[in-house]
There are 2 protein chains.
Amino acid sequence: MVSQIRNNKHCQCPVEATLEVIGGKWKPIILWQLRTEKLRFSGLQQSMQGISPKMLTKQLRELEEDGLILREIYPEIPPRVEYSLTEFGKTVLPVLDALCKWGIEYLGRECLLDDQSLSDRS
Amino acid sequence: MVSQIRNNKHCQCPVEATLEVIGGKWKPIILWQLRTEKLRFSGLQQSMQGISPKMLTKQLRELEEDGLILREIYPEIPPRVEYSLTEFGKTVLPVLDALCKWGIEYLGRECLLDDQSLSDRS
DNA sequence: CGGGATCCCTAGAGATACTG
DNA sequence: CAGTATCTCTAGGGATCCCG
């Protein structure tokens, strides 16, 4: 798995390296959306208000390159592509969960995403 | 404490809101450096290879504005300013720890910072 | 449907020099 | 010492149009 990770030489700090993989404006949301179900490109685009197709493509390619998500192409007419979390991708969910919990507890942000399945938040 | 947080209207997702506060290239490192000791501006600058004074100032101001760090000014000649974590700032350490651990475990990054005091990493 | 290609454009980072 | 002030410059995001 590790071999699939982009080797960003400028990332020496593991925190920075992690943020390089799961951080940014869109990646946490993408990972969160894929947490429970496979989604198509158009499905993801709809669930992420305001993202352009170019940006969504870029984020998905990077997540795929890092081995977090799987891209399955069905050679149909019209074409269908489904994205899902890999087993490796699932290992970041607890980390996202930690970020989410701190945001809710200390920043008073409500979780606009589906907050039912935060692992064991009371 | 919460009232001290900048109200970024564009941050609805708590994960994004958290990353707004502790994310980026420099903030995790600053918080990490301050974890065990007060540091002066020059001390921080030395421990963070390559950061410009302008950028360091900006990051410190934002962290202060968000209530994570305390800025103490000693009216001496030459002037002395010391930065330290607030109690609120200490609450993010476990989150940083989670990011750090994932980076080390799954990205194979070594912790170049002082990795002794990662809470209870075996 | 699921993108790619192109153009544009500005926020923000670096470098350098200066100051109370 | 602990920062500002100024300038420059480019990576990266939005908008638009096109393609297999």
Side-chain angles (χ1 to χ4, degrees), chain A residues 6-13 16-17 19-30 33-34 37-66 68-84, chain B residues 6 8-13 16 19-30 33-34 37-66 69-85:
Chain A
R6 284 175 294 159
N7 190 13
N8 290 309
K9 299 101 181 171
H10 61 284
C11 283
Q12 300 150 322
C13 170
E16 195 186 335
L19 290 178
E20 194 80 11
V21 173
I22 68 166
K25 186 176 175 56
W26 303 112
K27 286 178 182 174
I29 303 180
I30 294 174
Q33 298 293 328
L34 295 178
E37 53 180 350
K38 289 187 178 187
L39 281 174
R40 305 176 60 170
F41 188 90
S42 52
L44 279 167
Q45 195 173 17
Q46 285 168 19
S47 61
M48 303 169 66
Q49 182 70 353
I51 192 171
S52 66
K54 180 177 105 176
M55 186 55 47
L56 181 53
T57 297
K58 186 191 169 204
Q59 302 299 312
L60 288 170
R61 290 293 186 279
E62 290 178 3
L63 288 169
E64 186 191 6
E65 190 179 353
D66 288 339
L68 298 185
I69 66 174
L70 179 66
R71 181 171 181 252
E72 293 175 285
I73 308 167
Y74 299 86
E76 307 168 351
I77 303 294
R80 181 162 57 103
V81 178
E82 286 185 347
Y83 295 92
S84 57
Chain B
R6 283 174 295 160
N8 290 307
K9 299 100 181 172
H10 61 284
C11 282
Q12 302 150 321
C13 171
E16 195 186 336
L19 290 178
E20 194 80 10
V21 174
I22 68 167
K25 186 175 174 56
W26 304 112
K27 286 179 182 173
I29 304 180
I30 294 174
Q33 298 293 327
L34 294 178
E37 53 179 351
K38 290 186 177 187
L39 280 174
R40 305 176 60 168
F41 189 90
S42 53
L44 280 166
Q45 196 173 15
Q46 284 167 21
S47 62
M48 303 168 66
Q49 182 69 355
I51 193 172
S52 67
K54 179 177 105 176
M55 185 55 49
L56 181 53
T57 297
K58 187 191 170 206
Q59 303 299 312
L60 289 169
R61 290 293 187 279
E62 290 178 2
L63 288 169
E64 186 191 5
E65 190 178 353
D66 288 339
I69 66 174
L70 179 66
R71 180 171 181 253
E72 291 175 288
I73 308 167
Y74 298 86
E76 307 168 350
I77 304 291
R80 181 161 57 103
V81 177
E82 286 185 346
Y83 295 92
S84 57
L85 283 189

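By convention in this document, chain letters (A, B, ...) are assigned in the order of the sequence lines, proteins followed by strands, and residues within each chain are numbered from 1. Quick note: numbers below take in every heavy atom, side chains included, and nothing from hydrogens, waters or symmetry partners.
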Next on the checklist: Go through it in stages, so that I can follow the logic: the residues are L44(A) and L34(A), the test is side-chain contact (heavy atoms from CB on, under 4.5 Å), and I'd like the CA-CA distance, side-chain angles, deciding distance and then a yes or no.
Outcome noted: CA-CA 9 Å; L44(A) 279 167; L34(A) 295 178; 4.3 Å; yes
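- Among all heavy-atom pairs drawn from V21(B) and K27(B), the shortest one is O-CD, 3.3 Å.
- Chain B approaches DNA chain C within less than 4.0 angstrom (heavy atoms of the protein), and the contacting nucleotides run 5' to 3' from dA13(C) to dG20(C).
- Look at CD1 on I30(B): it is 15 Å from C1' on dA2(D), rounded to the nearest Å.
- The residue among Q59(A) and P79(A) whose nearest nucleotide of DNA chain D lies closer to the 5′ end is Q59(A).
- The shortest heavy-atom contact between L19(B) and P28(A) is CD1-CG, 4.3 Å.
- Toward the 5′ end of DNA chain C lies the nearest nucleotide of Y83(A), the other residue of the pair Y83(A) and K58(B) mapping further downstream.
- Using a 4.5 Å heavy-atom cutoff, the side chains of E72(A) and K38(A) are in contact.
- Here the closest non-hydrogen pair linking R40(A) and P79(A) is NH2-O, 3.6 Å.
- Summarising the geometry, the separation between NZ on K25(B) and P on dG12(D) is reported as 12 Å, rounded to the nearest angstrom.
- Between the P atom of dA2(D) and the CG atom of L60(B) lies a distance of 11 Å, rounded to the nearest Å.
- Within a 6.0 Å sphere centred on CD of Q49(B), heavy atoms belonging to other residues, nucleotides or ligands number 12 at most.
- Counting to the nearest Å, the C1' atom of dG3(D) and the CZ atom of R61(B) are 8 Å from each other.
- Near DNA chain C, meaning a heavy atom under 4.0 Å away, the residues from residues 42-55 of chain B are K54(B), M55(B).
- When every heavy atom of Y83(A) is checked against every heavy atom of I69(A), the shortest pair comes out as CD2-CD1, 3.9 Å.
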Item to check | side-chain contact (heavy atoms from CB on, under 4.5 Å) between I22(A) and L68(A), intermediate numbers included | outcome: CA-CA 9 Å; I22(A) 68 166; L68(A) 298 185; 4.2 Å; yes
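- Nearest heavy-atom pair, F41(B) versus L60(B), reported as atom, atom and distance to 0.1 Å: CD1-CD1, 4.0 Å.
- Checking the phosphate oxygens (OP1, OP2) of dA2(D), no side-chain nitrogen or oxygen of R80(B) falls inside 4.0 Å.
- Axis orientation changes by 50° from one end of the helix from dC1(C)-dG20(D) to dG20(C)-dC1(D) to the other, with each end axis drawn from 5 pairs and the value rounded to 10°.
- L56(B) places its CG atom 17 Å from the P atom of dA5(D), with the value rounded to the nearest Å.
- In this structure, CZ on R61(B) lies 9.5 Å from CG on L56(B), to the nearest 0.5 angstrom.
- Summarising the geometry of Q45(A) relative to I51(A), their closest heavy-atom pair is NE2-O, 3.8 Å, with the distance given to 0.1 Å.
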